[in-house]
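Report on the following structure.
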Amino acid sequence: MQRAIEKRGIPTVSITVALDVTEHIKPPRAVFVPFMMGHHFGVPFHKELQRRIILDALNFLATTERSGEIKMLPWNWAQARQEGKLIEEQFRLKS
Amino acid sequence: MSLQYLKEAVAEGDNESLIRYVRLHFGDGNEAAGAKEIDKAWIEALKLLLDVPKTDREFILETLAEKDAATLAHLFFHLHFYFVERSGEWIHDGRV
Amino acid sequence: MTAESKNVENDKQQLRTGLWATVNERYPGSMITKSDFVALAKSKKPLSESRLTFVSTAGVQPKGSLPFDTVHPIGDYTFRCVPSDSKPSDLEIHQLKYPTSGAERDINVIFPIERLQELQAVGLIGELAPNFFSFIGYNMDAEMLERTLAEDLAEAVEAEGSDVALLAPA
């Protein structure tokens, strides 16, 4: 999919939680996050994390030098979940 | 090709591979779970007929007579998931 | 798992390990392996002047559109256009193969449409393409996927004049 878009001259970047699958498929550019399947942009209501992951991916797009590069993003799942819980608690306190 | 693999199994009459595939499909990648799911769907269908309620047999006979076999096959897959959902025990949460 | 991925620290590892091998064992031949790399397309503009589209395999679709065919044993090779100005309440998910526990509470964890709208509003992204695109990841026929769905979708992306595409394969 990503390869088909890139072949039409449109630069692409994907966010993956399955490094092994990405290594097989060899998309032009990908960033890896060690998150649960179906949670590529983190945890519910953690807007800042969701935003940062998008920007990390798009910034990587501008700097990739060779096709197939995969960048490991520095996020970690346990911490993301913890922060998500905190955000939800604060949200509940406010409302 | 995976589809190729299934087509070869059909050509060779390799029913073991085919039933394994059907169970994997219904069991979200778990054969034993898939076999149980098939049973669950039939039990659910059976339960609905125990009191011999009035059913729309005309619709059934018309559908069988007028629709092509592929559409009926597709409907069969839909019915499986319909009855599984009715059973109240849904395993398709992507975690298997 | 390759040597490269083994070397990363524990907390940075893939949570669901051996996914490619597991799926390929269950559905022989359904997983794609490529031996070559496609040439990189060049970014023509900075992000703040680019039109961006988003492509997802998460089975997200506008409410009221024909639900993805999640029961078909061979898969669904169609895609849905999701207007990029949609609200989460306009959307629903039809798929069976990944956990939606997070997405049920906040769809942005898999389809970050509000975050993309915000990034556009503050000017970090130039503009959003009229539509984002979505399909489901359960497709047994890898050859058909590449020949039809991938090409149809790439054509739709190109037709909307996108300068850059962000993808999230669920």
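Fair warning: this is a prediction, and the values are worked out from it, not measured in the lab. In what follows, every chain begins at residue 1, and chains take the letters A, B, ... in the order their sequences are listed.
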ask   = Any idea which of A:Gln79, A:His39, A:Lys7, A:Arg51 has the most non-hydrogen atom pairs under 4.5 angstrom with chain C?
value = A:His39
query = Can you list the steps and then say if C:Glu92 with C:Lys63 is a salt bridge (Lys or Arg N to Asp or Glu O under 4.0 Å)?
reply = CA-CA 6 Å; C:Glu92 60 189 13; C:Lys63 283 180 182 164; 5.8 Å; no
request  = Let me know if C:Glu146 has heavy atoms under 4.5 Å from chain A in its side chain, its backbone, both or neither.
outcome  = neither
message = If I measure from the heavy atoms of chain A, does C:Asn108 come under 4.5 Å with its side chain, its backbone, both, or neither?
response = both
query = So which part of C:Leu166 gets closer than 4.5 Å to some heavy atom of chain A, the side chain, the backbone, both or neither?
reply = both
request  = Tell me, for C:Leu119 versus chain A, whether the close heavy atoms (under 4.5 Å) come from the side chain, the backbone, both or neither.
outcome  = side chain
remark   = Of the listed A:Ile10, A:Ile5, A:Leu58, the one with the largest count of heavy-atom pairs under 4.5 Å with chain C is A:Ile10
ask   = Side chain, backbone, both or neither: which part of A:Lys47 has a heavy atom under 4.5 Å from chain C?
value = both
query = Got a salt bridge between C:Glu151 and A:Arg8, using NZ or NE/NH1/NH2 to carboxylate O under 4.0 Å?
reply = yes
Main-chain N/O of C:Gln95 paired to C:Tyr98 side chain as donor or acceptor, under 3.5 Å = no
key: Part of A:Val17 lying under 4.5 Å from any heavy atom of chain C   = backbone
ask   = Under the side-chain hydrogen bond (donor to acceptor under 3.5 Å, both in side chains) criterion, do A:Asp20 and C:Gln14 qualify, and how do the steps go?
value = CA-CA 8 Å; A:Asp20 59 343; C:Gln14 184 170 331; 2.8 Å; yes
ask   = Which answer fits A:Glu65, side chain, backbone, both or neither, if we ask what part of it has an atom under 4.5 Å from a heavy atom of chain C?
value = backbone
query = If you measure from OG1 on C:Thr100 to CZ on C:Arg105, what distance do you get to the nearest 0.5 Å?
reply = 11.5 Å
Contacting region of C:Ser50 [heavy-atom separation from chain A under 4.5 Å] = neither
ask   = Is it true that C:Glu143 and C:Arg147 make a salt bridge, defined as a side-chain N closer than 4.0 Å to a carboxylate O?
value = yes
ask   = Please walk me through it: do C:Thr78 and C:Arg80 pass side chain to side chain contact (heavy atoms under 4.5 Å, CB included)?
value = CA-CA 7 Å; C:Thr78 64; C:Arg80 302 286 177 277; 2.9 Å; yes
ask   = Where does C:Lys42 contact chain A at under 4.5 Å (heavy atoms): side chain, backbone, both or neither?
value = backbone
Which atoms of C:Leu40 approach chain A - backbone, side chain, both or neither, heavy atom under 4.5 Å = both
query = Given that the side chain runs from C-beta out, which part of C:Leu149 has a heavy atom under 4.5 Å from chain A: side chain, backbone, both or neither?
reply = both
inquiry  = Which atoms of A:Ile25 are under 4.5 Å from chain C, going by heavy atoms: the side chain, the backbone, both sets, or neither?
reply    = both
query = Is it true that atom NZ of A:Lys85 has more than 12 heavy atoms of other residues, nucleotides or ligands lying nearer than 6.0 Å?
reply = no
key: Criterion salt bridge (Lys or Arg N to Asp or Glu O under 4.0 Å) on C:Lys45 and C:Asp163, from CA distance to verdict   = CA-CA 8 Å; C:Lys45 302 171 185 170; C:Asp163 301 304; 3.5 Å; yes
ask   = Is it true that A:Arg29 and A:Glu69 have a side-chain N and a carboxylate O under 4.0 angstrom from each other?
value = no
request  = Answer with yes or no after comparing the ring centroid distance for C:Tyr77 and C:Phe135 against a 6.0 Å cut-off, counting only values under it.
outcome  = no
query = Hey, does the side chain of C:Asp106 reach the backbone of A:Pro44 with a donor-acceptor pair shorter than 3.5 angstrom?
reply = no
query = In terms of heavy-atom proximity below 4.5 Å to chain C, should A:Val13 be classed as side chain, backbone, both, or neither?
reply = both
ask   = What distance do A:Phe35 atom CZ and A:Thr16 atom OG1 have between them, rounded to the nearest 0.5 Å?
value = 12.5 Å
request  = Measure distances from C:Val164 to the heavy atoms of chain A and classify the residue's part below 4.5 Å as side chain, backbone, both or neither.
outcome  = both
ask   = What part of A:Ala57 is in contact with chain C, defined as an atom under 4.5 angstrom from a non-hydrogen atom: side chain, backbone, both or neither?
value = side chain
query = Of the listed residues (A:Ser14, A:Ala4, A:Ser67), which shares the most heavy-atom pairs with chain C below a 4.5 Å separation?
reply = A:Ser67
remark   = Turns out that what part of C:Ala39 lies under 4.5 Å from chain A's heavy atoms comes down to backbone
note = If one checks every heavy atom of A:Arg66 against chain C at 4.5 Å, the contacting part turns out to be backbone
query = C:Glu155 versus chain A, heavy atoms under 4.5 Å apart: side chain, backbone, both or neither?
reply = both
task = Under 4.5 Å heavy-atom distance to chain A, tell me which part of C:Asp36 shows up: side chain, backbone, both or neither.
result = both
remark   = Turns out that what part of A:Glu48 lies under 4.5 Å from chain C's heavy atoms comes down to neither
key: Region of A:Leu55 in contact with chain C, defined by heavy-atom distances below 4.5 Å   = side chain
task = May I ask you to decide whether C:Glu114 forms a salt bridge with C:Lys87, counting only side-chain N to carboxylate O separations under 4.0 Å?
result = no
